[in-house]
Amino acid sequence: MEITNVMDQAIAKQKLPKMAYDYYASGAEDEWTLQENREAFSRILFRPRILIDVSKIDITTTVLGFKISMPIMVAPTAFQKMAHPEGENATARAASAAGTIMTLSSWATSSVEEVASNGPGIRFFQLYVYKDRKVVEQLVRRAERAGFKAIALTVDTPRLGRREADIKNRFVLPPHLTLKNFEGLDLGKMDQAADSGLASYVAGQVDRTLSWKDVKWLQSITTMPILVKGVITAEDSRMAVENGAAGIIVSNHGARQLDYVPATISALEEVVTAARGQIPVFLDGGVRRGTDVFKALALGAAGVFVGRPVVFSLAAAGEAGVRNVLRMMREEFELTMALSGCTCLADITRRHIITEADKLAVMPSRL
Ligand code: FNR
């Protein structure tokens, strides 16, 4: 049987304990944004060009100076050993086999050193800034020493979003797992709480005072370039440029933080316009198909990251599952390129798609 992303989610649901599956799948509150992250893609249509020689298609690209095989990368998702015993190690191997970048979560169930030991591969490290800045400094240094190439600084999580499934389940890590990067610092355990154990952990450890000055501070303690993950407005796009970010990730945290923010694909264009080509803009959130990748690139993204498909395929089939998802996305994206008349990423233009806003702008002239 041919496995697709959607199938993987169903298999993951069968295989995983309810608490784990719900943690991976759910979004914040009404999950309006969760649904919208997908639906907004479906409202964007193509304007394909024909009779162009598409016998050769090149989808390679460069991200922060690193050459990768495709503009599809792995987003940071926490607690991957809850999905599969090999967890982040399997993901790291699958990403490097696919020739693309993996972003490791601060809240990985494998340490930066362990993940780095999986052979060559370009890896980024996602950072949550803790109240104890000594802890942050140490962790950033360890990531740098282990060969991670960039920091993805998550800026949308001063507090954890209200994920009602986790509250109902009183979510907590299974007893055999810890937040490995923090283990030696006595911060690796998540205690049971009256609601979500993770929400309590965040309330205790994550620094709510985080502000733009800390982006500067981070630059002072590392030479790694910093991607600001969680920008969804033009205003913050400018701030990111002005504060020395190396790039922006348009993200609503997979719709797990503030509900009723727009889909990332709807916010992308204003962020790209405000960045004025000064730094690259990436996107994550609801990317499930090659057509989604194309739409994001047509709206100015330099690449995309995928979250849940990786976790679900990891649960379904470990490293082979993640390899499979990355292969499928690659093949679909290549096909979309061919059917749109594009032979390399530079061929993809804004005129290859039509958005809701375009339709509104066009209508009056047609009356
Ligand atoms: C996440 N995300 C996330 N982001 C982050 O900066 N640090 C983290 O530890 C996590 N952990 C995490 C766990 C799970 C289970 C999910 C689903 C998401 C957000 C993630 O990096 C990314 O923004 C979204 O997952 C992208 O949306 P899709 O592809 O899941 O729709």
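Whatever order the structure lists ligands and atoms in, that order sets their numbers, starting from 1. Atoms considered below: every heavy atom in the structure, side chains included; atoms not considered: hydrogens, waters and symmetry mates. Please read these numbers as outputs of a predicted model, since none were measured by experiment.
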Chemist: Among Thr103, Leu153, Val155, Asp284, whose side-chain contact (heavy atoms from CB on, under 4.5 Å) with Lys229 holds?
Modeler: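 Exactly one pass, corresponding to Asp284.
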
Chemist: Hey, can you tell me if Tyr260 and Trp32 have their rings parallel, tilted or perpendicular (30° and 60° cut-offs)?
Modeler: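 Taking Trp32 first and then Tyr260, their aromatic rings lie parallel (interplane angle under 30°).
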
Chemist: For Lys18, give me all partners under salt bridge (Lys or Arg N to Asp or Glu O under 4.0 Å), at least two apart in sequence or on another chain.
Modeler: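 Here the qualifying residues are Asp22.
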
Chemist: Is the distance between the ring centroids of Phe79 and Tyr23 less than 6.0 Å?
Modeler: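 Ring centres of Tyr23 and Phe79 closer than 6.0 Å.
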
Chemist: So if I only count non-hydrogen atoms and take anything under 4.0 Å from ligand 1, which residues does that give, chain by chain?
Modeler: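 Under the 4.0 Å cut-off, ligand 1 touches Tyr23, Tyr24, Ala75, Pro76, Thr77, Ala78, Ser105, Gln126, Tyr128, Thr154, Lys229, Ser251, His253, Gly254, Arg256, Asp284, Gly285, Gly286, Arg288, Val306, Gly307, Arg308.
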
Chemist: Taking only Lys NZ, Arg NE, NH1 and NH2, and the carboxylate oxygens of Asp or Glu, determine whether Glu242 and Arg238 approach each other closer than 4.0 Å.
Modeler: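 Arg238 and Glu242: salt-bridged.
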
Chemist: Evaluate the ring planes of Tyr24 and Phe312, with Trp represented by its six-membered ring, and classify them as parallel (under 30°), tilted (30 to 60°) or perpendicular (over 60°).
Modeler: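 Taking Phe312 first and then Tyr24, their aromatic rings stand perpendicular (interplane angle over 60°).
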
